*Asks:* 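Encoded as structure tokens, here's the structure I'll be asking about.
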Protein chains: 2
Amino acid sequence: MVHRKTVLATGVFDILHPGHIRFLEESKKKGGPRATLVVVVATDKTVKDRKGHGPTLSESDRLELVSALRPVNRAVLGHEKVDFLGVLHELKPDIVCVGYDQNDIKRRVVKLVADQKLPIRVVQIQKFGRNGLNSSTGVKKKIARNWPRTSSAR
Amino acid sequence: MVHRKTVLATGVFDILHPGHIRFLEESKKKGGPRATLVVVVATDKTVKDRKGHGPTLSESDRLELVSALRPVNRAVLGHEKVDFLGVLHELKPDIVCVGYDQNDIKRRVVKLVADQKLPIRVVQIQKFGRNGLNSSTGVKKKIARNWPRTSSAR
């Protein structure tokens with residue numbers, strides 16, 4: 001029986017944009033054709049601790065959105081406090097994918113994997129060269145700049 | 001052979017929130033267990049013509065995001081000009097679902113279906129009673145109000 005690889009990716013996923021979709025699709029590919037992609041969505045507390053302010057959408061909204069994305073097999077909330085070792089032990093990934101803007105997470109996971117001698121590969125996914133809005137910050141900036149002009153509903 | 005029903009839903013889908021996911025899931029359910037959900041994403045021009053300003057995300061970004069949502073079997077851009085009859089002839093849905101805030105679209109589709117004697121059912125999906133942000137406008141308001149405090153990246 002072929003072992004189905006588990007790929008783990010993590011993020012805040014506050015305002016979804018195509019860069020998120022490509023990051024997740026690319027991460028899943030790293031696990032081969034039948035990989036399972038598990039996404040750890042950062043809790044509101046984790047975001048607040050790290051950035052000094054909470055995200056726009058609540059953790060339950062963000063979890064619901066990420067769960068609805070086709071490449072995602074399972075989405076879970078992170079621990080109340082950032083706890084990479086706990087997450088790795090719990091979800092037992094074969095591969096951890098980090099985004100181009102997640103150097104801090106990459107460093108911490110690489111160190112953990114080495115220290116604990118875990119059989120986990122850490123892969124950094126490159127930024128996708130493209131036009132258009134490719135970051136939550138970019139989207140938010142545009143909204144703030146244009147408000148209240150861009151007051152469109154659904 | 002059982003006819004697989006095609007359900008059509010439409011919208012701008014500028015900043016995704018859980019209300020969108022629930023609207024799409026609920027729409028798909030209206031077509032029974034093996035329904036195909038086709039989503040028409042409004043073009044930038046349509047949004048601009050209707051609201052006087054364009055959306056935050058471009059039509060190609062919005063199309064990419066909607067295509068990545070699990071309930072969506074196919075997402076297409078609308079016509080340059082709002083053209084419901086053209087879309088109905090092209091996609092031949094059994095059911096058209098409109099959101100609670102799409103009364104204008106509902107009226108126009110109901111009239112078209114009656115005038116043209118098309119075998120199409122029009123269903124309005126109710127608003128989901130819940131806490132949290134449930135509209136793109138609500139999300140944008142919160143971002144604009146908090147900017148630049150909520151300058152979180154991925």
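Each chain gets a letter, A, B and so on, in the order its sequence line appears, and its residues count up from 1. Every value quoted in this text rests on a predicted model; they were computed, and no experiment measured them.
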*Asks:* Once you round to the nearest 0.5 Å, how far does NE2 of B:His20 lie from CG of A:Leu16?
*Replies:*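 One gets 11.5 Å once the value is rounded to the nearest 0.5 Å.
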*Asks:* In Å and rounded to the nearest 0.5 Å, what is the NZ to NZ distance from A:Lys140 to B:Lys140?
*Replies:*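 Interatomic distance, A:Lys140 NZ to B:Lys140 NZ, rounded to 0.5 Å: 14.0 Å.
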*Asks:* Any side-chain heavy atom of A:Ile15 sitting closer than 4.5 Å to one from B:Ile143?
*Replies:*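 Heavy-atom side-chain distance check passes, below 4.5 Å.
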*Asks:* Inspect the surroundings of CZ in A:Arg4 and state if more than 12 heavy atoms from other residues, nucleotides or ligands are less than 6.0 Å away.
*Replies:*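 For A:Arg4, atom CZ is crowded (more than 12 foreign heavy atoms under 6.0 Å).
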*Asks:* Would you say that A:Arg22 contacts B:Glu64 through its side chain, given a criterion of any heavy-atom pair below 4.5 Å between the two side chains?
*Replies:*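 Heavy-atom side-chain distance check passes, below 4.5 Å.
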*Asks:* Using every non-hydrogen atom in the two residues, find where A:Arg70 and B:Asn73 come nearest and quote the distance to one decimal.
*Replies:*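 Result for this residue pair: NH2-N, 4.4 Å.
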*Asks:* What pair of heavy atoms forms the shortest contact from A:Pro71 to B:Ala68, and how long is it?
*Replies:*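 Looking at all heavy atoms of both residues, the closest pair is CD-O, 4.3 Å.
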*Asks:* Using heavy-atom distances under 4.5 Å, tell me whether A:Ile21 contacts chain B through its side chain, its backbone, both, or neither.
*Replies:*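 For A:Ile21, side-chain heavy atoms alone lie under 4.5 Å from chain B.
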*Asks:* Where do A:Leu65 and B:Pro18 come nearest, in terms of heavy atoms and distance?
*Replies:*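 The pair with the smallest heavy-atom distance is CD2-N, 4.0 Å.
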